There are 2 protein chains.
Amino acid sequence: MATIRDVAKTAGVSIATVSRVFNGNTAVNEDTALQVWAAASALDYWPNGAARSLTTNRTSTLGVLLPDLYGDFFSEVIRGIDQLAKREKYQTLVSGSHASVEDVLAATRAMRGRIDGLVMMAPDSITVESVARIRRRLPVVLISPPFAVDGCSSVSIASFSGARAAVAHLVGLGHREIAMVAGPAGNVDAEERLRGYRRGLLEAGIQPRDEFVVQGDFRESSGYAAAAALLDRRPRPTAVFAANDCMAIGLMSALGNAGLSVPHDVAVVGFDNITMAQYMRPPLTTVHVDAYALGQKAVRLMLDTLADPEGGKVTVQTIDVILKVRSSCGARPAVATNTPAGPETNQQR
Amino acid sequence: MATIRDVAKTAGVSIATVSRVFNGNTAVNEDTALQVWAAASALDYWPNGAARSLTTNRTSTLGVLLPDLYGDFFSEVIRGIDQLAKREKYQTLVSGSHASVEDVLAATRAMRGRIDGLVMMAPDSITVESVARIRRRLPVVLISPPFAVDGCSSVSIASFSGARAAVAHLVGLGHREIAMVAGPAGNVDAEERLRGYRRGLLEAGIQPRDEFVVQGDFRESSGYAAAAALLDRRPRPTAVFAANDCMAIGLMSALGNAGLSVPHDVAVVGFDNITMAQYMRPPLTTVHVDAYALGQKAVRLMLDTLADPEGGKVTVQTIDVILKVRSSCGARPAVATNTPAGPETNQQR
DNA sequence: GTGCGCCATGTAAACGGTTTCATAAATTCA
DNA sequence: TGAATTTATGAAACCGTTTACATGGCGCAC
């Protein structure tokens, strides 16, 4: 493995000159530079990243911490992060499945000295204190955080307004008995969506009932299970809003098995607009979340923080969501035409 | 930011002792160690990764290069990689969207000194020479490579046998006019699946016809477009094998729009078994590829390579695939019962 | 009681770069 | 032509670790 010294010797210059050629900020004689390039190329030399970050105190790497790497949603977030980071000449050190606070702290410790900043979607159980502690050593940007942290920019999903819009839409279609499959307790977005659901009802002059809210965990199986509970309720709900698409899909599956037709017997609305949503029969009406933009915005905020060291400028952003009306809510005929190719998806492989 | 020197001073020992405490391989007096831990914790100290890798020449980081980060398939590969890497105390430096050889070389350059090994799914246009050049400085494990490279272990998908099985299954259902929507030229898996398709036909005593093969690009829109071409053929195919699920989905969509029923008028079989496949109506018969296992195996091979430095033991593995029969092929009634919750999926959020 | 070995610890030299500062050569200007 | 300035380069310090080697104290056998 050739080092800067080897290149210097081959090119007949000092290591300082080689360094200057590779960094390009200080003037170097053109001929000299050419010789250095030639030597470097002959030896297949490229500066060692670790050594470089040791002196410069910069790594050109962003840490990314996610609770999971599973499924459409996170996959898109990562893609957004990776793409912008790459464009800005940053690498991404990714780590998934951090269930506990201890996990998160261990992961950030392991990253110490390897990253310039941390983009984090923390587990629900995270505490302000832990994040503040990480923030003391590193710029941190939070995705969908349960609380504000001094010095941390963050980007959230407009869960509240999305849920409210979903409910308002159902109300507009004539529904009064609207149930909800909620997400896991402690999860910010789950709670915001629940809050939005209640607000939506109130705004329509409908009193929310506790027995119309069934607790789920964002997974399909919990949506499936929720159906049984909801079908027992009297009066029986004529519409169900699920806190995410996976649960909505499980719910629809269970409703179908119970011999009920969606949306005729029960209307269903989800949240997230994962790729699958449009392929359901009937296609799922849902609240669209641009996960790719979410990832991109997080990186953008990180770059801002990095550019303005200790500037203390903290930005709190929200990703807007929009109701994507398909057939599962009954607004359009249940027998939908097949989606034409292209417009809604272009997944590869 | 506290350094090892600060800790040494606070604990009243030398930096060597602190280092020993943190590495735990050399004996240190228990009381001394306790003092060091106390000092470290008080100062919130943890060894700087860059400095450490500079001396040890190890980074505990694996580089991951993928052509894209989009969709179910890659998302699962990454998850498999991340999970095993994490368990083995490695971090993962991920980079997606590398379309050209130049891109790949630039990415590996940028990773120099930051990773111990590289797990790579190279773009189709990659050359043996480029990979060999990377291999000269780093352990490399290839995913689905178009060729063997000296010193590189690799893991491939059993595309050939999967395709053959898919065709055999269609033949078994009585089909003789079986068409194919092929993947992009130059892609190994696409070509292997085409080869398997042809072999499957020959084994059934059917002469493959070139006009029954329509070129696609793995994207849904190309599957959609392929339908028109195939419906013009005389005799008209009674079954179509698509080189991946996305194209199969596009194809089904187009067939539906053309007023044809799947599987009654045309049977369809895909490849990959992406999450969506089971939700199609009719649910898509496809060749299941365990992308998660693919990622895991790649890391396992990398760990082997790393453990046996210059041992030269090169392993070439294949991920077995298995035909997942659902309804789109006509083997089961097209009016499928809805999937019960859980068994086939458990996606979160 | 002397010598030997072992254990715990400290000293200092790497590791591969960047960057400050000094210096020599080349250029400008009066 | 000589001083002043600019330009190109080199020498050396430094970044935060690990680790080979040195050292000193202590227990043990003879």
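Keep in mind that this is a model prediction, so the values were computed, not measured. Order of the sequence lines fixes the chain letters, A, B, ..., with proteins taken first and strands second; residue numbering starts at 1 for each chain.
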Would you list the pairs meeting ring-ring contact (aromatic ring centres under 6.0 Å, His included) in which at least one residue belongs to residues 81-127 of chain A, sequence neighbours left out?
->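 Every candidate ring-ring contact (aromatic ring centres under 6.0 Å, His included) pair involving residues 81-127 of chain A fails, so no pair, neighbours aside, qualifies.
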
Does anything in residues 32-50 of chain A pair up under salt bridge (Lys or Arg N to Asp or Glu O under 4.0 Å), and if so which pairs, sequence neighbours excluded?
->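 Only A:Asp44-B:Arg112, A:Asp44-B:Arg137 qualify under salt bridge (Lys or Arg N to Asp or Glu O under 4.0 Å).
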
For nucleotides 9-19 of chain D, read 5' to 3', which letter fits each nucleotide if B means a protein heavy atom sits under 4.0 Å from the base, S means only the sugar-phosphate is that close, and - means neither?
-> BBB---BBBBB

Got a sec, which residues hit salt bridge (Lys or Arg N to Asp or Glu O under 4.0 Å) with [X], two or more places apart in sequence or on another chain?
{"X": "A:Arg136", "result": "A:Glu129"}
{"X": "A:Asp150", "result": "none"}
{"X": "B:Arg20", "result": "none"}
{"X": "B:Arg133", "result": "none"}

Is there any side-chain hydrogen bond (donor to acceptor under 3.5 Å, both in side chains) pair reaching into residues 292-301 of chain A, and which pairs are they, with sequence neighbours excluded?
->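 The answer is A:Gln83-A:Tyr292.
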
How would you give the extent of chain B contacts on DNA chain C, as first and last nucleotide 5' to 3' within a 4.0 Å heavy-atom cut-off?
->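 Contact span on the strand: C:dA8 to C:dG16.
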
Which residues satisfy the side chain to side chain contact (heavy atoms under 4.5 Å, CB included) test with A:Thr3, sequence neighbours excluded?
->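 Partners of A:Thr3 by the side chain to side chain contact (heavy atoms under 4.5 Å, CB included) criterion, ordered by chain and then number, come out as A:Arg5, A:Asp6.
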
Looking at residues at least two apart in the chain, or sitting in another chain, which of them share a ring-ring contact (aromatic ring centres under 6.0 Å, His included) with A:Phe22?
->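 Per chain and number, A:Phe22 pairs via ring-ring contact (aromatic ring centres under 6.0 Å, His included) with A:Trp37, A:Tyr45, A:Trp46.
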
Estimate the overall bend of the helix from C:dG1-D:dC30 to C:dA30-D:dT1 from the end axes over five pairs each, rounded to 10 degrees.
->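 Roughly 40°, once rounded to the nearest ten degrees.
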
Just wondering, are more than 12 heavy atoms of other shown residues or ligands nearer than 6.0 Å to CG in B:Asn57?
->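 Not buried by this count: 12 neighbours or fewer within 6.0 Å.
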
